[in-house]
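Naming convention: chains lettered A, B, ... in sequence-line order (proteins, then strands); numbering from 1 in each chain.
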Number of protein chains: 2
Amino acid sequence: MPANNPAIDLDQVRRQCARCDLRELCLPAGLDSADVDRVDQMVADRTSLASGDTLYHAGSPFRALYVIKSGSLKTQAVSEGGELQILGFHLPGEIMGFDALAGERHQCSAEALEASSVCRLPYAELERISASVPGLQRQFMRLVSREMGDDHDHMAMMGRNQAISRLALFLHSMSKRQARLGRSADQLTLTMSRADLANYLGLVLETVSRLFGRLQEMGVIEVRRREVKILDREGLKSIGEC
Amino acid sequence: MPANNPAIDLDQVRRQCARCDLRELCLPAGLDSADVDRVDQMVADRTSLASGDTLYHAGSPFRALYVIKSGSLKTQAVSEGGELQILGFHLPGEIMGFDALAGERHQCSAEALEASSVCRLPYAELERISASVPGLQRQFMRLVSREMGDDHDHMAMMGRNQAISRLALFLHSMSKRQARLGRSADQLTLTMSRADLANYLGLVLETVSRLFGRLQEMGVIEVRRREVKILDREGLKSIGEC
DNA sequence: CGACCGATTGAAGACACTCAAGATGCGTGG
DNA sequence: CCACGCATCTTGAGTGTCTTCAATCGGTCG
């Protein structure tokens with residue numbers, strides 16, 4: 001804990017936002033350095049998660065939002081009938097826990113797909129500070145709105161009734177999100193299992209597996225397990241539109 | 001227009017939030033009467049829409065959010081390939097236009113499904129006022145969060161691979177939303193066409209039509225055109241979970 | 001009343017699912 | 001280091017469900 005450490009460490013923690021690679025995507029985007037420091041001080045802690053660890057459970061009381069610093073997570077909800085639906089895959093810079101604001105409990109669970117780290121933002125603090133930092137308020141809204149946009153992309157995928165369109169759209173959108181993070185848009189490392197992906201797309205895992213094969217035969221991608229290389233971006237896009 | 005009318009009308013417009021049936025669902029929920037008045041003053045105008053009218057188009061510049069006062073609307077997005085996806089059906093008390101905050105343009109179009117009216121909230125005003133009215137800020141977040149929850153329900157519907165589950169879940173969720181508005185939970189009047197509903201559920205319209213028939217044969221609903229009566233709520237629920 | 005739009009119904013086929021077996025990769029322990 | 005077991009992914013064959021294409025019905029409005 002920071003309290004146990006000398007000044008060096010405290011300073012390091014305080015200045016992390018300013019040094020973070022994600023600062024242009026995350027809450028500090030567009031803020032001046034004094035305000036970035038205030039955001040920094042608001043961050044309660046930066047937690048590490050191992051693959052499979054749960055960040056929060058559906059039903060647990062809501063206290064904080066989380067911004068992903070590294071790694072990736074999935075969110076999933078279980079219906080009253082016990083059916084599980086994966087709601088999203090989340091990458092660094094994205095904000096999580098937002099759906100809990102309506103009630104006072106989380107509506108879905110969040111689980112790490114690989115070793116990951118997140119910044120915890122106690123919501124009471126965020127509310128207090130954003131009242132006096134207008135830029136923060138605005139950037140927060142932008143993040144939430146982007147999250148909604150991702151949900152809409154998800155629906156557009158599930159709405160296609162050709163299964164291969166869904167997978168093609170997924171790969172295309174994943175590629176765009178990777179690029180947004182400054183990573184290669186053509187070399188994807190999927191961190192979710194085929195079962196997760198199938199559930200996300202509204203398919204069964206065998207179908208997803210077969211479709212990866214078909215896309216490879218068609219020459220638009222190269223698949224090796226969870227490594228996907230996009231060979232023909234335009235081809236992929238047109239399959240997504242069929 | 002209000003400007004052309006005497007004081008009586010102005011006063012009436014100003015006091016509308018306090019008298020509105022939706023005040024407990026809408027932005028004023030939980031505010032004291034002075035703050036309700038401030039919200040009232042923020043409402044730029046209350047627009048009437050005829051069935052088929054567009055509230056905003058995808059790509060048009062974002063200036064305001066809208067709260068539905070009466071009627072119902074659909075939101076839809078068109079992908080780059082020209083494929084249309086209906087993103088949601090929206091009922092009174094719900095907030096619209098939120099997905100535009102990330103860019104400065106609307107990401108989807110909103111169209112009235114029947115004669116409707118909406119309250120227009122210029123976003124600049126909303127930002128300004130919510131900084132000084134903490135309760136408003138909080139309630140705004142709750143509405144946005146509820147919107148996200150509705151999106152998640154939508155995904156859960158599309159994720160079911162039995163088509164009949166999707167329709168059953170849709171009817172069940174529609175029933176709950178109607179009840180939230182104080183309307184009968186068992187007598188639904190669907191304002192969208194079969195084609196709209198099919199698109200929303202990721203099916204074709206013929207399938208939806210057949211499924212209505214099957215649900216009626218099973219004795220869980222009674223359908224007559226767009227009028228649906230729920231006869232067996234539990235049965236409907238269990239079909240949604242199959 | 002006749003035309004039109006939306007909804008229903010029918011028949012045939014395609015596509016994704018189910019069930020099942022086999023392959024591949026990974027971690028563990030001998 | 002290899003052998004083993006387990007988990008994940010792939011591949012196969014057969015079935016069922018949803019889609020497609022087409023015709024009919026019903027209600028609404030000029």
Side-chain angles (χ1 to χ4, degrees), chain A residues 50-52 74 83-86 111 113-115 157-171 188-218 221-229 239-240 242, chain B residues 50-52 74 83-84 86 89 111 113-115 157-171 188-218 221-229 239-240 242:
Chain A
S51 179
K74 64 176 173 182
E83 295 296 333
L84 187 145
Q85 176 64 47
I86 293 186
E111 189 182 316
L113 292 168
E114 61 185 317
M157 276 175 230
M158 293 182 109
R160 316 272 62 243
N161 46 19
Q162 292 289 323
I164 202 163
S165 306
R166 297 191 203 175
L167 184 58
L169 283 172
F170 169 77
L171 292 171
L188 306 179
T189 302
L190 304 178
T191 54
M192 71 293 294
S193 68
R194 295 286 190 264
D196 283 344
L197 182 49
N199 180 293
Y200 179 80
L201 295 174
L203 300 168
V204 294
L205 71 90
E206 295 96 324
T207 302
V208 170
S209 185
R210 274 183 252 269
L211 292 173
F212 270 118
R214 272 176 64 194
L215 286 175
Q216 184 164 243
E217 276 176 31
M218 294 162 92
I221 61 170
E222 207 174 281
V223 197
R224 189 186 151 72
R225 217 72 174 162
R226 293 186 179 181
E227 299 294 327
V228 178
K229 189 171 186 177
I239 293 165
C242 79
Chain B
S51 179
K74 64 176 173 184
E83 294 296 333
L84 187 144
I86 292 186
F89 301 118
E111 188 181 316
L113 293 166
E114 62 186 315
M157 275 175 229
M158 293 182 111
R160 314 272 61 243
N161 47 17
Q162 292 289 322
I164 202 163
S165 304
R166 299 191 204 176
L167 183 58
L169 282 173
F170 169 76
L171 292 171
L188 306 180
T189 303
L190 303 178
T191 54
M192 72 292 296
S193 68
R194 294 287 189 261
D196 283 344
L197 182 49
N199 180 292
Y200 178 79
L201 295 173
L203 301 168
V204 294
L205 70 91
E206 295 96 325
T207 302
V208 170
S209 186
R210 275 183 252 270
L211 292 173
F212 270 119
R214 272 176 64 193
L215 286 174
Q216 183 162 244
E217 275 176 30
M218 295 163 92
I221 61 169
E222 207 174 281
V223 197
R224 190 186 151 71
R225 218 73 174 159
R226 292 186 180 182
E227 299 293 327
V228 178
K229 189 173 186 177
I239 292 165
C242 78

Practice prompt. Report yes if some heavy atom in the side chain of A:Leu171 is under 4.5 Å from a heavy atom in the side chain of A:Phe212; otherwise report no.
Written response: yes
Worksheet item: Counting N and O atoms only, with roles assigned by atom type, does the side chain of A:Thr189 sit under 3.5 Å from a partner on the main chain of A:Glu227, one being a donor and the other an acceptor?
Response: no
Item to complete: Starting at atom CD of A:Glu227, determine the distance to atom P of D:dT10, rounded to an integer number of angstrom.
Response: 13 Å
Fill in: Integer-rounded Å distance: D:dA7 P and A:Asp196 CG
16 Å
Practice prompt. May I ask you to check whether over 12 heavy atoms, not counting those of A:Arg214, lie within 6.0 Å of atom CZ?
Written response: no
Worksheet, complete the sentence: Heavy-atom nearest nucleotide on DNA chain C taken for B:Arg224 and for A:Arg225; more 5' hit belongs to B:Arg224
Response to the item:
Separation of D:dT17 atom P from B:Arg160 atom CZ, nearest Å, is 15 Å
Practice prompt. Check for a donor-acceptor pair, side chain of A:Arg160 on one end and backbone N or O of A:Cys242 on the other, with a separation under 3.5 Å.
Written response: yes
Worksheet item: Say you draw a straight line from CG of A:Leu203 to CZ of A:Arg210; how long is it, rounded to the nearest 0.5 Å?
Response: 11.5 Å
Worksheet, complete the sentence: From CG of B:Leu215 across to P of C:dA7 the rounded distance in Å is 17 Å
Worksheet item: Does a nitrogen or oxygen in the side chain of B:Arg226 sit under 4.0 Å from OP1 or OP2 of D:dG27?
Response: no
Worksheet item: If you round to the nearest 0.5 Å, how far is CG of A:Asp196 from CG of A:Leu84?
Response: 8.5 Å
Practice prompt. Would you mind building the protein contact string for nucleotides 9-16 of chain C? One character per nucleotide, 5' to 3', B for base within reach (heavy atoms under 4.0 Å), S for sugar-phosphate only, - for untouched.
Written response: BBB----S
Discussion item. When you measure from the side-chain N and O atoms of A:Arg194 to the phosphate of D:dT10, is any distance below 4.0 Å, counting only OP1 and OP2?
Written reply: yes
Fill in: Distance in angstrom units between B:Leu197 CG and C:dG6 P, rounded
15 Å
